[in-house]
Amino acid sequence: MSVTAPMKSDAPTNSPSAKPAFVKGLAGVVAVQTEISSVDGPRSTLIYRGINMHELAERASYEEVTYLLLYGHLPNVTELGAFNERLVANRWIPAQIVDLFRSMPPDTVPMTALRTAISALSFYDPEIEDTSIEATERKAIRLIAQMPTLLAAYQRIRQRQEPIPPNAQLSHAANTLYMLDGRVPDPDFVAALNAYYVLLADHGMNASTFTARVVASTNADLHSAITSAMAALKGNLHGGANEATMRMLLEIGDVTHVDEYIDKMFAEKRKIMGFGHRIYKHNDPRARHLNYWAQRLGRKVNMPQFYEMSLLVETSVLRHREIYPNVDFYSASMLYYLGIPIDLFTPMFACSRIAGWSAHVIEQYKDNALIRPQSEYIGPTDLHYVPLAQRS
Ligand code: COA
């Protein structure tokens, strides 16, 4: 039996005369059929195109996973070579986008800057209004390749530095780090970021992917769908949770303050960022890989305290309630150890998830039906228009 939320009406939902049941937050509602990824809460598994994410997290490159998500199978050597070349060739962004970043108020939040830049890239894409599968695949490759360049360029500009051109010799993950400070990154840093990119590349019908599919279902173009997905990712109940987690760790400040801090959070009925999940109620399978990288990088950069604090937060939260770390919890300290500024954490998430968003837009186009649910009106129905002069 499928998991369904309690219905307000006793009438069965499949009866033609029945009013569709209201399900708050669409929890448990199956809105889409997909071959891209499977998220199994009770078994705590995540599968991309039939392959368990644990295998991919330990062995695959983000480039391979992106190909897998877009085309449905792992690339062979020739396919991967050609795909890599296309990604590398498309890393550049138009000078007008760099100027746009320069024109933004200096305190513009990076997620806001990037969401706007994705939308603005549509001015310069030669195939913007072509929503054929072929054109959308080409646009997806351009956007996936450009995303880290946007992120790094914005970061450099707000620090009053010149953007660093992409390095064609480096992988997607290595080039992301390179464009931030101009140094070829440590191999452990690259492996950690690659694993992060692989782990976050797709995740079933999460809020931003659903948003992208809703937009695609109206036959709008890929840039519109990705811009909307960026907007949905920004909130702290979704992609923004990684930033909120790191701010929490910094606020806790020391391993000796963890219990007191968590007790206070629960006493005030506040949510602990990086914990809980709509689907995984026991264990988010991605967390253990990020835990591994957070621990390893913490030692490497000689700042183990944030990882150690994270372990204690996990134990402390469990004293109050059975909720577990989600993907954002250990990715917070891991990204911090990579030297990524906290307000770039959610854009880093977007650099990965753009592969999944693009694959979902293409899948939606291939078998489209307008996504248009209903609402249950619960307001009054017997009021009347009162002329302005007579209103109190
Ligand atoms: N801290 C404290 N309590 C939490 C919690 C958290 N992080 N996550 C869930 N809970 C509690 C809720 O308060 C609720 O309690 P109640 O039954 O007493 O009302 C219960 O657990 C169910 O939570 P709910 O928010 O209804 O679950 P959901 O499936 O709608 O929400 C999240 C899932 C992810 C939105 C939620 O767990 C959350 O807000 N987490 C923090 C933000 C986060 O890390 N987001 C990233 C997700 S990958």
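All ligand and atom numbering here is 1-based and tracks the order in the structure. Sequence positions, counted from 1, serve as the residue numbers for this chain.
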query: Side chains of Asn84 and His172: is there a donor and an acceptor less than 3.5 Å apart?
result: no

message: Quick check on atom 19 (O) of ligand 1 - does any protein heavy atom sit closer than 4.0 Å to it?
response: no

message: Show the atoms of ligand 1 that are less than 4.0 angstrom away from any heavy atom in Ala241.
response: 43 (C), 44 (O), 45 (N), 46 (C)

message: Can you confirm whether some protein heavy atom lies under 4.0 Å from atom 26 (O) of ligand 1, or whether none does?
response: no

task: Indicate, with yes or no, if the rings of Tyr67 and His73 have centres closer together than 6.0 Å.
output: yes

statement: Residue, atom and distance of the protein heavy atom nearest atom 12 (C) of ligand 1 read Lys271 CE, 4.1 Å

- request: Could you tell me which residues satisfy salt bridge (charged side-chain N to carboxylate O under 4.0 Å, His left out) with Arg213, sequence neighbours excluded, listed by chain and number?
  value: Glu363

message: Would you say the rings of Phe306 and Tyr336 are close, in the sense that their centroids are separated by under 6.0 Å?
response: yes

task: Using protein heavy atoms only, decide if any is under 4.0 Å from atom 5 (C) of ligand 1.
output: yes

message: Below 4.0 angstrom, counting only protein heavy atoms, does anything approach atom 22 (C) of ligand 1?
response: no

- prompt: So, is the end of the Arg391 side chain (NZ or CZ) under 6.0 Å from the ring centre of Tyr385 and within 45° of the ring's axis?
  reply: yes

message: Is a donor from one side chain sitting under 3.5 angstrom from an acceptor on the other, for Tyr154 and Arg158?
response: no

query: atom 1 (N) of ligand 1: which of Val317, Thr245, Ile272 has the nearest heavy atom?
result: Ile272

Subset of ligand 1 atoms that lie under 4.0 Å from at least one heavy atom of Asp328: 46 (C), 48 (S)

message: Taking 4.0 angstrom as the limit and counting only heavy atoms of Lys281, give me the atoms of ligand 1 inside it, by number and element.
response: 29 (O)

query: By number and element, which atoms of ligand 1 are closer than 4.0 Å to a non-hydrogen atom of Gly276?
result: 34 (C), 37 (O)

